[in-house]
Amino acid sequence: MMYVALIGDVIESKKIQDRAQAQQKLLQLMKELNQQYHKYLVSPFTVTAGDEFQALFLPNSDMFQIMDQLSMAFAPYEIRFGIGAGDMITEINKEQSIGSDGPAYWLAREAINYVHDKNDYGINHISVSLADEEVGQTINAILAACSFIQSKWTDIQYDVLKQLLAENIYDETFSHKEMAKLLGITPSAFNKRIKASGLKIYLRNKRVAMNLMLNAIEKEEKHV
């Protein structure tokens, strides 16, 4: 059976002045994600060492949404993510993501090591590693483009994605009028934010990347 492993670590955690408070915040966020996405989680978000954490999922279409949700809520601190898709060779611990091993985690480790070394001048914080390396490279090129778009956002442009996530929306199709109302701005001002941010292109590309990954997983599962 195929799984999606996620490994994350807090960037430059040793430079955080109040590390205890930051770690407590991270633990609370992971607890909330474990509850919200329990139907996908095979092994929950767990701190494994220092400021690193991991989780094991069933293949699902919400992975990039989950990472954005965590990243936004954990700001101003930053997190890098590695995603791997594969099977597991040991028994899975359903209580915490410790002690289990297999290709899913090996590939996730490979992905996070890659983005640690090649992060596009500090802009890119996410990488995917798949058995199909060609598809993995295509996905990572799309994700790097998304990261570049995101790096240009102002705080008020970030607020749009935060509000979308709060409404559990992670798609380029949504009501501009409703979102403007929730943000307390005019539809005209909202449209200007959307146009300047490239948010719809960002969300479209994330969806394309997700579909590529799910298709690759489905294809590999047929050959396992």
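Keep in mind that the numbers below use all heavy atoms, side chains included, and drop hydrogens, waters and symmetry copies.
Side-chain contact between I83 and M213 is present, with at least one heavy-atom pair separated by less than 4.5 Å. Between R80 and V10 there is no side-chain heavy-atom pair separated by less than 4.5 Å. At least one side-chain heavy atom of F53 sits less than 4.5 Å from a side-chain heavy atom of I79. For the pair D9/F81, no side-chain contact is recorded, criterion being any heavy-atom separation below 4.5 Å from C-beta on. Within the 4.5 Å cutoff, the side chain of D62 has heavy atoms near those of the Q65 side chain.
The aromatic rings of Y37 and Y40 lie parallel to each other, their planes meeting at an angle below 30°, with 60° marking the opposite boundary.
Of all heavy-atom pairs between A85 and L107, the closest is O-CD1, 3.2 Å. Across all non-hydrogen atoms, the minimal contact from T90 to S100 is OG1-CA, 3.2 Å. Taking both residues in full, the closest heavy atoms of V135 and A216 are given as CG1-CB, 4.0 Å, listed atom of the first, atom of the second, then distance. Closest non-hydrogen pair, N34 versus F45, comes out as OD1-N, 2.8 Å. The nearest pair of heavy atoms linking G82 to A111 is CA-CB, 3.8 Å. Considering all non-hydrogen atoms of both residues, Y105 and A5 come closest at CD2-CB, 3.5 Å.
Proximity of a side-chain donor or acceptor of S129 to a complementary backbone N or O of G84 within less than 3.5 Å is not detected. No donor-acceptor pair under 3.5 Å is formed between the side chain of D159 and the backbone N or O of Q157. The backbone N or O of I123 sits nowhere less than 3.5 Å from a side-chain atom of D120 that would complete a donor-acceptor pair. A donor-acceptor contact shorter than 3.5 Å is absent between the side chain of T46 and the backbone of Q96. In this structure, the side chain of K25 engages the main chain of A75 through a donor-acceptor pair within 3.5 Å. The backbone N or O of D68 sits nowhere less than 3.5 Å from a side-chain atom of S71 that would complete a donor-acceptor pair. Of the possible polar contacts, one joining the S43 side chain to the N93 backbone as a donor-acceptor pair under 3.5 Å is found.
The one candidate from R207, K200, R204, K206 that meets the side chain to side chain donor-acceptor pair (under 3.5 Å) condition with E172 is R204.
Remark: F64 CZ to I142 CD1 distance equals 9.0 Å, nearest 0.5 Å. A distance of 10.0 Å separates CG in L56 from CG in L6, rounded to the nearest 0.5 Å. To the nearest 0.5 angstrom, H125 atom NE2 is 10.5 Å from H116 atom NE2. Atoms CG and OG1, from N191 and T186 in turn, are 8.5 Å apart once rounded to the nearest 0.5 Å. To the nearest 0.5 angstrom, E52 atom CD is 11.5 Å from L26 atom CG. Atom CD of Q36 and atom CG of L29 lie 11.0 Å apart (nearest 0.5 Å).
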List the steps and the verdict of side-chain contact (heavy atoms from CB on, under 4.5 Å) for E221 and E218. CA-CA 5 Å; E221 196 156 29; E218 184 178 1; 5.7 Å; no
Walk me through whether Q28 and E32 qualify under side chain to side chain donor-acceptor pair (under 3.5 Å). CA-CA 6 Å; Q28 179 59 34; E32 292 170 7; 3.2 Å; yes
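Annotation: H176 is in aromatic contact with F174 [ring centroid separation under 6.0 Å].
A chain of hydrophobic side-chain contacts below 4.5 Å, direct or via other Ile, Leu, Val, Met, Phe, Trp or Tyr residues, connects L203 to I201. A chain of hydrophobic side-chain contacts below 4.5 Å, direct or via other Ile, Leu, Val, Met, Phe, Trp or Tyr residues, connects I92 to L58. The hydrophobic cluster containing L70 does not contain I11, counting ILVMFWY residues as joined when their side-chain heavy atoms lie under 4.5 angstrom apart, directly or transitively. If you chain together hydrophobic residues whose side chains sit under 4.5 Å apart, V208 and L214 fall into the same group. M88 and W106 fall into different hydrophobic clusters, defined by Ile, Leu, Val, Met, Phe, Trp and Tyr side-chain heavy atoms under 4.5 Å apart, directly or through other members.
Dense packing is recorded around CG of D18, with more than 12 heavy atoms of other residues, nucleotides or ligands lying under 6.0 Å away. By the neighbour-count criterion of 12 heavy atoms within 6.0 Å, atom NZ of K177 is sparsely surrounded, having that number or fewer from other residues, nucleotides or ligands. Heavy-atom neighbours of Y114 OH from other residues, nucleotides or ligands within 6.0 Å: at or below the threshold of 12.
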